[in-house]
Asker: 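Here it is, the structure in full.
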Amino acid sequence: MSEAVQTLDGWYCLHDFRKIDWTSWKQLSEAERNEAVQEFEHMLNNWHVVEEGEKGSHAFYSIVGQKADLMFMILRPTMDELNEVETELNKTTLADFFIPAYSYVSVVELSSYLGKDDGSDPYENPYVRSRLYPNLPKSKYFCFYPMDKRRQGNDNWYMLSMEERRDFMRSHGEIGRKYAGKVKQIITGSVGFDDWEWGVSLFSDDVLQFKKLVYEMRFDEVSARFGEFGSFFVGNLLDNDKFEKMMEI
Ligand code: VOV
């Protein structure tokens with residue numbers, strides 16, 4: 001049996017995609033709509049307080065295309081708290097006008113392929129902590145997709161030796177580093193939690209960099225031979241002003 005890589009696991013993560021039931025939303029009076037948006041923003045403001053207290057983080061984007069209209073990426077220290085946030089969201093008046101589109105449950109993950117083992121506790125390392133418990137960037141654009149590593153014939157990731165997998169990840173990391181300052185990636189592990197093995201969340205102020213990065217990675221052996229991908233979602237950052245404008249009829 002090949003040796004499983006040890007993972008470092010951080011905050012639990014929910015990607016929650018919703019469509020808006022515009023037909024029902026339009027039936028409300030302007031006053032009712034304003035009240036629902038204000039109630040919703042009150043919840044978002046509470047999430048900001050959690051973020052400032054470094055007890056979690058969140059990202060809120062509108063999604064382009066018919067797969068969804070809105071996306072919430074929520075990070076919390078426990079699965080229980082993640083569930084509470086989801087329920088809080090579902091109890092808002094606005095959620096009566098949301099239609100579930102897709103969701104993804106995972107945990108922020110760092111593999112130890114490239115880490116140095118100097119005997120110290122990695123969970124005490126400030127850099128590692130900033131990766132495991134990240135303050136999600138408020139970048140203009142967001143991209144999410146789930147992925148697996150293939151298990152077929154000669155292309156079975158889980159049958160490779162630790163050294164082989166480490167070499168692949170080194171090359172992967174080298175490509176990724178070319179996008180430093182342009183794209184920030186947050187990899188969340190979802191084995192045992194959801195239908196794919198990882199969630200890939202990308203943040204950038206230049207939306208075209210998602211295409212360039214993902215395309216370049218397709219030619220790297222680890223993605224070319226072993227990468228299998230689910231649906232892609234791409235969207236634009238929402239703040240209160242943009243959200244109010246979006247919900248205006
Ligand atoms: C901004 C770009 C970027 C950078 C710098 C980067 C670097 C790195 C490093 C150094 C490491 C290994 C250590 C760790 O941190 O875990 C990883 C790990 C991982 N990656 Fe990555 N990745 C990027 C970007 C990046 C992308 C775009 C994808 C999707 C692949 C594609 O083809 O669409 C991806 C996937 C992953 C995955 C699924 C893992 C875990 C694999 C496992 O088997 O455990 N990743 N990644």
Side-chain angles (χ1 to χ4, degrees), residues 1-11 13 15 59 73 75 104-118 122-123 125-134 136-137 139-152 155-235:
M1 193 179 101
S2 306
E3 185 190 345
V5 67
Q6 293 300 315
T7 59
L8 298 174
D9 304 286
W11 277 338
C13 178
H15 291 80
M73 177 174 173
L75 299 179
Y104 204 77
V105 179
S106 55
V107 61
V108 179
E109 179 187 292
L110 287 179
S111 68
S112 54
Y113 286 121
L114 307 177
K116 292 178 207 85
D117 186 5
D118 57 7
Y123 286 98
N125 177 316
Y127 170 71
V128 171
R129 292 187 68 82
S130 74
R131 301 273 314 274
L132 293 176
Y133 314 111
L136 294 178
S139 307
K140 282 164 73 178
Y141 305 104
F142 171 80
C143 171
F144 170 80
Y145 53 102
M147 68 170 286
D148 281 343
K149 291 271 175 79
R150 190 169 292 134
R151 293 193 299 275
Q152 262 167 28
D155 297 335
N156 187 332
W157 178 255
Y158 297 91
M159 297 289 280
L160 299 179
S161 69
M162 177 67 94
E163 289 65 36
E164 286 170 304
R165 280 176 281 140
R166 182 173 291 129
D167 286 346
F168 280 125
M169 290 320 293
R170 195 168 287 128
S171 157
H172 167 84
E174 274 164 22
I175 294 182
R177 269 196 296 279
K178 289 203 243 163
Y179 290 81
K182 292 187 207 156
V183 179
K184 167 135 177 101
Q185 93 283 14
I186 299 194
I187 302 299
T188 53
S190 39
V191 172
F193 291 163
D194 219 315
D195 298 345
W196 297 78
E197 293 167 350
W198 289 277
V200 180
S201 301
L202 306 175
F203 295 83
S204 180
D205 286 327
D206 175 0
V207 73
L208 201 55
Q209 295 302 320
F210 296 147
K211 179 173 178 291
K212 293 195 183 298
L213 167 64
V214 175
Y215 192 54
E216 189 169 354
M217 288 222 164
R218 289 288 154 105
F219 292 92
D220 185 45
E221 199 171 349
V222 70
S223 291
R225 275 181 64 196
F226 302 102
E228 292 192 346
F229 303 96
S231 288
F232 281 66
F233 296 83
V234 66

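Order of appearance sets the numbers: ligands from 1, and atoms from 1 within every ligand. Computed from a predicted structure; not experimentally measured.
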Asker: Regarding Arg218 and the six-membered ring of Phe229, is the cationic atom NZ or CZ under 6.0 Å from the ring centre and inside 45° of its axis?
Answerer: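 Relative to the ring axis of Phe229, which defines the angle, Arg218 lies inside both limits.
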
Asker: Do me a favour and list the nearest non-hydrogen protein atom to atom 27 (C) of ligand 1 with residue, atom name and distance?
Answerer: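 The closest one turns out to be Tyr145 OH, 3.4 Å.
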
Asker: For the residue pair Phe144 and Phe233, categorise the inter-ring angle as parallel (less than 30°), tilted (30 to 60°) or perpendicular (more than 60°).
Answerer: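 Judged by the thresholds at 30° and 60°, the geometry between Phe144 and Phe233 is tilted.
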
Asker: Quick one: look up the protein heavy atom nearest atom 41 (C) of ligand 1 and list residue, atom name and how far away it is.
Answerer: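 Protein heavy atom with the smallest distance to atom 41 (C) of ligand 1: Lys149 NZ, 3.3 Å.
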
Asker: How far is atom 10 (C) of ligand 1 from its nearest protein heavy atom, and which residue and atom is that?
Answerer: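 Closest protein heavy atom to atom 10 (C) of ligand 1: Leu114 CD1, 3.7 Å.
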
Asker: Provide the number and element of each atom of ligand 1 under 4.0 Å from a heavy atom of Tyr113.
Answerer: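 Heavy-atom distances to Tyr113 below 4.0 Å select 42 (C), 43 (O), 44 (O).
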
Asker: Checking Arg150 side chain against Glu228 main chain: does a donor-acceptor pair fall under 3.5 Å?
Answerer: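 Answer holds: no.
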
Asker: Is the shortest heavy-atom distance from the side chain of Asp220 to the side chain of Phe168 under 4.5 Å?
Answerer: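 No; the side chains remain at least 4.5 Å from each other.
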
Asker: For the pair Ser112 (side chain) and Gly115 (backbone), establish whether a donor and an acceptor sit closer than 3.5 Å, ignoring hydrogens and angles.
Answerer: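 No: the side chain of Ser112 does not pair with the backbone of Gly115.
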
Asker: Under 4.0 Å from any heavy atom of Arg177, which atoms of ligand 1 are there?
Answerer: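 What qualifies from ligand 1 is 5 (C).
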
Asker: Which heavy atom of Ile175 sits nearest a heavy atom of Tyr179, and at what distance?
Answerer: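 Heavy atoms of Ile175 and Tyr179 come nearest at O-CD1, 3.5 Å.
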
Asker: Write out the residue and atom name of the closest protein heavy atom to atom 44 (O) of ligand 1, then the distance separating them to 0.1 Å.
Answerer: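 Closest protein heavy atom to atom 44 (O) of ligand 1: Ser111 CB, 3.5 Å.
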
Asker: Please lay out, stage by stage, how Tyr133 and Tyr123 fare under the test side-chain contact (heavy atoms from CB on, under 4.5 Å).
Answerer: CA-CA 10 Å; Tyr133 314 111; Tyr123 286 98; 3.8 Å; yes

Asker: Distance to 0.1 Å, residue and atom name: give those for the protein heavy atom nearest to atom 26 (C) of ligand 1.
Answerer: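 Looking at atom 26 (C) of ligand 1, the protein heavy atom closest to it is Met217 SD, 3.7 Å.
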
Asker: Before giving the answer on side-chain contact (heavy atoms from CB on, under 4.5 Å), spell out for Phe142 and His15 the whole-Å C-alpha distance, their side-chain angles and the decisive distance to 0.1 Å.
Answerer: CA-CA 12 Å; Phe142 171 80; His15 291 80; 4.0 Å; yes

Asker: Heavy-atom count around Glu216 CD within 6.0 Å, excluding the residue itself: above 12?
Answerer: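 It does: Glu216 CD has more than 12 such atoms within range.
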
Asker: Looking only at protein heavy atoms, identify the closest one to atom 32 (O) of ligand 1 and say how far it is in Å.
Answerer: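 So the nearest neighbour among protein heavy atoms is Ser223 OG, 2.5 Å.
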
Asker: Considering only the protein, which heavy-atom contact is closest to atom 30 (C) of ligand 1, and what is its distance?
Answerer: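 Looking at atom 30 (C) of ligand 1, the protein heavy atom closest to it is Met147 SD, 3.7 Å.
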
Asker: Closer than 4.0 angstrom: is that true for some heavy atom of Val183 and an atom of ligand 1?
Answerer: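 In this structure, Val183 qualifies as a contact of ligand 1 - some heavy atom is under 4.0 Å.
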
Asker: Are side-chain heavy atoms of Leu202 and Val214 found at a separation under 4.5 Å?
Answerer: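 When only atoms from C-beta onward are counted, Val214 and Leu202 do touch, with a gap below 4.5 Å.
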
Asker: Which bit of Arg218 is near ligand 1, meaning a heavy atom under 4.0 Å away: side chain, backbone, both or neither?
Answerer: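 Under 4.0 Å from ligand 1, Arg218 contributes no heavy atoms.
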
Asker: Donor-acceptor pair, distance only, cut-off 3.5 Å: does the side chain of Asp205 make one with the backbone of Lys140?
Answerer: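 The answer is yes, because a donor-acceptor pair under 3.5 Å joins these two groups.
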
Asker: Short question: side chain of Glu109, backbone of Thr7 - any donor-acceptor pair under 3.5 Å?
Answerer: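 Judged by distance alone, no pair lies under 3.5 Å.
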
Asker: For Asp206, is there any backbone N or O sitting under 3.5 Å from a side-chain donor or acceptor partner on Ser204?
Answerer: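 Looks like yes, one N/O pair under 3.5 Å.
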
Asker: Under 2.8 Å from atom 21 (Fe) of ligand 1, which protein N, O or S atoms are there? Could you list them by chain and number?
Answerer: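 Less than 2.8 Å away from atom 21 (Fe) of ligand 1 sit His172 NE2.
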
Asker: Using a strict cut-off of 4.0 Å, indicate which atoms of ligand 1 neighbour a heavy atom of Leu110.
Answerer: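 Taking each heavy atom of Leu110 in turn, ligand 1 has 15 (O), 16 (O) under 4.0 Å.
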
Asker: What protein heavy atom lies closest to atom 40 (C) of ligand 1? Include the residue and the distance to one decimal.
Answerer: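 For atom 40 (C) of ligand 1, the nearest protein heavy atom is Trp198 NE1, 3.8 Å.
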
Asker: Report the part of Arg131 in contact with ligand 1, treating N, CA, C, O as backbone and CB onward as side chain, heavy atoms under 4.0 Å; options are side chain, backbone, both, neither.
Answerer: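 Side chain only.
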
